[in-house]
Amino acid sequence: MPQYFGQLHGLEPNWSKIEAVQSVEIGDHYFLFNCGNVYVKISILSNNLIRIRYSPSGNFFPRRSWAINLDDSEWQPTPFQTHQTEQTTEIITEKIRISVQHHPCRIECYDLQNQPFATDTELGFRWQQELTVIDKKIEPEEHFYGFGERTGFLDKTGEIKTNWTENCRKYDALTDAMYQAIPVFIALRPELSYGIFLNSTHWSRFDIGVKKPGILQMETHAPELDYYIIYGPKPEQILNTYTQLTGRMPLPPRWALGYHQCRWSYESETVVKELTKQFRTRKLPCDVIHLDIDYMQGYRVFTWSEKRFPNPENLIQYLSENGFKTVTIIDPGVKYEPEANYTIFDQGLKQNYFIRKPNGELFHGYVWPDKAVFPDFLNPQVQKWWGECHQTLTNIGIAGIWNDMNEPAIDDRPLGDKGTKITFPLDSLQGPTEEKTTHAEAHNLYGLMMAKSSAQGLLKLRPKQRSFVLTRSGYAGIQRWSSVWMGDNHSIWEHLEMSLPMLCNMGLSGVAFVGSDIGGFGGNATPELFARWMQLGILYPLMRGHSALSTSQHEPWVFGERVEHICREYLELRYRLLPYLYSLFWEATQTGNPILRPLFYHYPNDTKTYTLSDQVLLGSAILAAPIYRPGIECRAVYLPAGIWYDWWTEKPYSGSQYILADAPLERMPLYVKAGSIIPLQPVMQYVDEKPIDCLTFKVFPGTGEGILYEDDGSSFEYIQGIYSTTKYQVYQENQELIIEIEPRQGQWTPPDREIIIDVVGVGEQRFQDDGRGKILRFSFIKDQNP
């Protein structure tokens, strides 16, 4: 982070403050308040979404194409009422009331029960030079979540969160700025929740009651303050609206939900082949092999090492024949190599695609290939060119791209010289002529735009097959282009524990397809740590094992037979759960719901869930309570309201209480909510190993419903409607448990298969799936419940 940004928070400058409202202009969906020295524009975008902009100059920024998916004019018109007096202007939608005080201008929000939220303090909006700030009240019992990629606990109340992408090689629970900069949060208290998205790609920061207790302060180093307020009242409604605003993830290929194996680096074709042979021989399910930087020729992007990987096309074909997809890493740094016939450098230089200093000189820094230059991914022409560069990889069968070092991570001297981390000059220009800006505004966008370039390139190069894209850095809206992992973690118990709230807060920031390196990237995992991490890892939306060059091997079999057996059991469970997981991914594409969810997501009025960082929900049905410390073989587990069944013993427990769960090394406590139906497939060694000829619906007695989503798992035909959904429900009538499977809807037909209805504690029934639906009845005694 630039040093002067870090100093701003401690200063007490002579702020310019907003004056009284002098006039109000009312448009079709907006209100423009003339406050003398500031113009304030409030846009009503939906009945739970407003946009607020403060401009001391009176000139509002033009639309930027970077993060917002729906501009103001693209929302459906929202009816609202207006009440005006000399003192206030009130705007009332179906869900909220916005009261604008005139003397001076202050904005207050209320739900229809007159509960306040996101309300300006007396100090309100102020500015100095290029810094704009606003203070809002923190209401009693309010808790704060999201903020993108964050270490520490789930609840961020009482913390400061800076939005500025940085390379975090050694992060801990107190680390602030990280690889991802996503300036959005959810505030929650009983009966009410709301979210705020700070629409600024400049450096920005949230102070959640640190500098001023009871005050939320938002600041950005920009001449305009622009933010959206999203009313719930439940968290899922906030995510639904936020992902309409910034976009939703596309449906990934089904194989991307399998297990990914990675290391820096599997250094040769021979090593990679032996690795995949071990997975198949040992019956450890795996779908994806990642190749780190050593597959390249001298770390030149889009090349192959002639010594280590002399026949890459043959290798990719071999892996494909054995059920493995291959993902290759790509960094943004292009080796500076004039007159060496390095095509990527020559093309980029000729077309003026690399970032330059303000004086016009080519900017360079040092990364893996030594001296390097960097593409201007903000420029659509550069995006198109960079996407086309991937053809050298896709032509030989590469199925996915892993974008790394794209904060960007740059040194001021060769990497072996212990240099200083730098970035592009903040006043260097980026972007096309019509949207030209400086790096001060574009810094947080670098990883986002690199991921976009890769995703769009792969879409053109592999038009009939879905590709996988992974990125380390990003900004709001990254979910439209890429999955995300949490960067360079370490093989320590604290990082195992921290991964869960990190991934949950990413999900609450709109990014559902997320993961953390299983086993830890840096350092050496103990057998116990690796076993516990693999157990937790089956819950990660992105399940990838990864380790660093200087560490011991981290494949499951290197930790001994007991750990290998545990890894096999949990990998098999992951693969059995794929129908449930794939349906959750589809749900994320439709609603923005996270796949991995904190308990409060579905129990927002249960205050006991507000600070639970060590338990998680996979979807709404499965609750996990992993083990995070060595030598622990039992733990307290909080079960929310309802009846919950132990996955392993099938014993029911009453909710709204803590229980003590047994957790020997072989067991991670897992529970399923009564009324849930979990679709399961047979164990496979890779996703497309064979057609699914048997589908089991595991039913947990109670009342509930769900949807199974299915398609071919690889093509884009689902966009044209070639998919199917099957709704199912369970309920009780007298002494019977009724399971209704509705007729399958949609244009996709699965292979011939048997359906098994397995009712926990009762029994099972079988039938051939003809798509017509089924009603099944089981004799059931209510006394089986606790």
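Residue indices begin at 1 and follow the sequence shown. The structure displayed is predicted, hence computed values, not measured ones.
The closest side-chain donor-acceptor pair between Gln84 and Thr89 falls under 3.5 angstrom. In the model, Thr241 has a side-chain atom that pairs as donor or acceptor with a side-chain atom of Asn48 under 3.5 Å. Checked by atom type, the side-chain pair Thr165/His443 shows a donor-acceptor distance below 3.5 Å. Side-chain contact annotation: Glu407 with Asn167, donor-acceptor N/O pair under 3.5 Å absent. Residues Arg248 and Asn69 bring no donor and acceptor atom of their side chains to less than 3.5 Å of each other. Of the N and O atoms on the side chains of Thr243 and Gln479, not one donor lies less than 3.5 Å from an acceptor on the other residue. Side-chain atoms of Thr423 and His439 include a donor-acceptor pair closer than 3.5 Å.
Put simply, the side chain of Gln180 gets close to the backbone of Arg472: a donor and an acceptor are under 3.5 Å apart.
Remark: Lys371 is positioned above the aromatic ring of Tyr336, its terminal NZ or CZ atom under 6.0 angstrom from the ring centre and at most 45 degrees off the axis. Stacking of Arg413 on the aromatic ring of Tyr366 is not recorded, the 6.0 Å distance cut-off and the 45° axial limit not both being met.
Asn59 meets the side-chain contact (heavy atoms from CB on, under 4.5 Å) test with Ser57; sequence neighbours excluded. Under the salt bridge (Lys or Arg N to Asp or Glu O under 4.0 Å) criterion, Arg189 pairs with Glu142, not counting sequence neighbours. Residues passing the salt bridge (Lys or Arg N to Asp or Glu O under 4.0 Å) test with Lys41, sequence neighbours excluded: none. With sequence neighbours excluded, no residue forms a salt bridge (Lys or Arg N to Asp or Glu O under 4.0 Å) with Arg356. Gln456 meets the side-chain hydrogen bond (donor to acceptor under 3.5 Å, both in side chains) test with no other residue; sequence neighbours excluded.
Residues in residues 43-74 take part in these ring-ring contact (aromatic ring centres under 6.0 Å, His included) pairs, two or more places apart or across chains: Tyr54-Phe125.
Residue Lys421 qualifies as enclosed at atom NZ: its count of foreign heavy atoms under 6.0 Å is above 12. A 6.0 Å sphere centred on CZ of Phe363 holds more than 12 heavy atoms belonging to other residues, nucleotides or ligands. Within 6.0 Å of NZ on Lys17 lie no more than 12 heavy atoms contributed by other residues, nucleotides or ligands.
Between Lys95 and Asp111 there is no salt bridge, since no side-chain nitrogen of the basic residue lies less than 4.0 Å from a carboxylate oxygen of the acidic one.
In this pair, Phe197 and Tyr475 present their aromatic rings tilted. The plane angle is within the 30 to 60° band.
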Show your reasoning for whether side-chain contact (heavy atoms from CB on, under 4.5 Å) applies to Asn403 and Val469.
CA-CA 8 Å; Asn403 291 299; Val469 181; 3.7 Å; yes

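Of the candidates Arg51, Glu25, Arg53, Glu25 is the only one forming a side chain to side chain donor-acceptor pair (under 3.5 Å) with Tyr30.
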